[in-house]
Amino acid sequence: MSRRRSWWGWGWLDQAVTPEQTRALATSVAARFARSVEVRSPPTLAGLTLPPPRVAAPRLLAHLCSDDTEERAGHTYGKSFRDVVRAFHGQLDHPPDLVARPTSEPDVVALLEWCSSAGVAAIPYGGGSSVVGGVEADVGGSYAGVVSVDLTALDRVVEVDRVSRAARIEGGALGPVLEGQLRPHGCTLRHFPQSFEHSTLGGWIATRSGGHYATNYTHIDDFVEAVRVVTPAGIVQSRRLPGSGAGPSPDRMFVGSEGALGIITEAWMRIQDRPTWRASASAHFATWSAGVQAARAVAQAGLFPANCRLLDASEASTSAGVVDGSTVLVLGFESADHPLEAWIDRAVECCADHGGTVPEGVRAASTEGTAGAWRSSFLRAPYGRDAIVAMGCIAETFETAATWDRFDELHRAVVVAVESALSSICGGGSVTCRFTHVYPDGAAPYFTVLAPSTHGSQEAQWQQLKEAASEAILTAGGTITHHHAVGRDHRRWYDRQRPPIWAESLQAAKRVLDPAGILNPGVLMDPPPRQT
Ligand SMILES: Cc1cc2nc3c(=O)[nH]c(=O)nc-3n(C[C@H](O)[C@H](O)[C@H](O)COP(=O)(O)OP(=O)(O)OC[C@H]3O[C@@H](n4cnc5c(N)ncnc54)[C@H](O)[C@@H]3O)c2cc1C
């Protein structure tokens, strides 16, 4: 029997947090916020009333399209906190009229031809794990309808070139599906966002996703060798090259295009041999600031650790069990080629230069060991957020990046702004920080917010917190997103961040590639004006 995904929350139904686990979590959250919480039951499909579909698929495409309630409900939102809250409360105002599941590239071409001629908006949908409103069917009133184009049937690793270490992979392949096909070849894409199980290659490329490795070869951008994209104006296929100085790269045009310029049906991806050597250590610091300096020293030493995760004292306590108030820098190296003692030893020296100690010493191992256990708890964590929604509280994460010279000020400004917003909006709550990625010239901090709220207030309060955090980030010189993409939710801040002429250039590209303006309207840029 095939496994079913939750239509309203995260992941597999058989992995969902149980009612008993939710009640236990509610008890600890209530104690933490010193107030009662009300746990409500998850929504049921039977309780949903969706507006009737406004369009029907033409005869030749009917076998690909469905107007089934579970399909439409499950494709209404991505998986941001706000999405899950709205779905939990049965608030599905803009479901797609149809969900199409193409099984080949010609199907994708035919779907876009129909959408362009019938004035139907088409929303490319991979795993639907967007946390920025990237797959939401709220496109305004000028379209005859909306089709969510679910690409997960395009899921094959078509070709592996072991000599060049690259693979041709279809855009709808989910993380475990593509890794499962690469494993017999002894290689891996080695791209592991936290949403790995429920996100796709095409979605990663379209959003410039970041894997959980901290440096080098972690962003999907670095792995793209060539792309194949179906646009309403025709197919764009870039050439496989290890590097090229022949003008601006066509790949770069589509990496980060968020479904607004075309549908990525295939990509040649740089793959890697599976790592066999590993070494790790955890350095403890008396202050956050000392930990930041050590992380910068490691990033600038040319060591390129796979893990360089700086945890503030709160995160060190909850996720690493370090309860003495230390800031913790978790370091890890991986290689398919050589042992790593020299690298980890030098990284530990960099930490010692900034007062870091390594109470548990250095671990060098040739097996996955604790890293595997850590990865499964990392992948399990998002299920807990559904329980927070069910108890009427707020759990939110947001991320940015800034150069080292302005990092301290950015971190301070964001924490102050969010703590002040939490106190005035929710009457309490916490904001914690860790690094997800480090670079020689800066870092990407990732903030987690947990706050009390009540059913009925969560969405409005989340919106106010989001605004406070986003304003602080932009004012302090950070980017509105380091790896979560722009979507619809970040548009306001993205529009301020990008140069105005760049916005016009994107619009010009959209006019050429998508003349009817049917692809994911409202994401990244406004769609061209349409006659209603
Ligand atoms: C719990 C959780 C953890 C997450 N962790 C990470 C993380 O570690 N790193 C990270 O970078 N992000 C993370 N995200 C965000 C999200 O998973 C990424 O943005 C991911 O790349 C989206 O992939 P997807 O296949 O789910 O795309 P979708 O959500 O389906 O779509 C995202 C965007 O890409 C477009 N799109 C999708 N497929 C295609 C295609 N084939 N062609 C053209 N456009 C397409 C869509 O139209 C939309 O604009 C997380 C999200 C959640 C909910």
Side-chain angles (χ1 to χ4, degrees), residues 5 9-11 74-75 77-84 96 102 105 108 112 121-137 139 148-155 169-175 177-178 191-214 218-221 227-231 236 254-267 375 378-386 395-399 436-437 444 446 448 481-490 513-514 519-524:
R5 278 183 71 181
W10 181 249
H75 288 76
Y77 296 127
K79 297 295 177 197
S80 71
F81 172 78
R82 176 169 173 250
D83 295 338
V84 176
E105 190 177 89
V108 176
L112 292 191
I123 303 201
Y125 185 104
S129 68
S130 168
V131 283
V132 293
V135 291
E136 191 167 337
V139 299
S148 179
V149 184
D150 184 314
L151 295 152
T152 47
L154 299 179
D155 66 352
I169 307 174
E170 290 184 323
L174 292 156
V177 174
L178 72 84
H191 182 72
F192 299 110
Q194 192 182 26
S195 52
F196 172 75
E197 284 186 287
H198 299 288
S199 55
T200 60
L201 177 69
W204 298 340
I205 296 174
T207 57
R208 302 185 67 183
S209 67
H212 77 62
Y213 296 109
T218 185
H219 286 280
I220 202 73
D221 313 32
V227 288
R228 185 171 171 88
V229 186
V230 174
T231 80
V236 180
F254 293 103
V255 173
S257 59
E258 300 195 20
L261 301 180
I263 293 187
I264 300 155
T265 49
E266 273 185 17
R375 186 176 302 153
F378 178 66
L379 295 178
R380 172 102 196 110
Y383 287 95
R385 194 185 52 179
D386 294 353
E396 168 66 346
T397 58
F398 60 93
E399 36 80 54
T436 55
H437 301 82
Y446 184 95
T448 300
T481 176
H482 171 261
H483 58 271
H484 280 170
V486 175
R488 293 175 174 80
D489 296 355
H490 285 152
L513 296 168
D514 177 22
L519 274 170
N520 216 354
V523 158
L524 278 184

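In each ligand, atom 1 is the first atom listed, and ligand 1 is the first ligand listed. Small disclaimer: the values here were computed from a predicted structure and weren't measured. Numbers here are sequence positions counted from 1.
- Every residue meeting the side chain to side chain donor-acceptor pair (under 3.5 Å) condition with Thr265, not counting sequence neighbours, appears here in chain and number order: Glu105.
- In this structure His490 satisfies the side chain to side chain donor-acceptor pair (under 3.5 Å) test together with Lys466, sequence neighbours excluded.
- Classified by interplanar angle (parallel below 30°, tilted 30° to 60°, perpendicular above 60°), the ring pair His483/Tyr446 is parallel.
- Aromatic ring orientation, Trp204 versus Phe196: parallel (interplanar angle below 30°, classes split at 30° and 60°).
- Residues Glu399 and Thr481 bring a donor and an acceptor atom of their side chains to less than 3.5 Å of each other.
- Pocket lining of ligand 1, defined as residues with a non-hydrogen atom under 4.0 Å away: Trp10, Lys79, Pro124, Tyr125, Gly126, Gly127, Gly128, Ser129, Ser130, Val131, Gly134, Val135, Leu151, Pro193, Gln194, Ser195, His198, Ser199, Thr200, Gly202, Gly203, Trp204, Ala206, Thr207, Ser209, Gly210, Glu258, Gly259, Gly262, Ile263, Ile264, Pro382, His483, His484, Asn520.
- With sequence neighbours excluded, the residues satisfying side-chain contact (heavy atoms from CB on, under 4.5 Å) with Ser195 are Trp10, Ser129, Pro193, Ser199.
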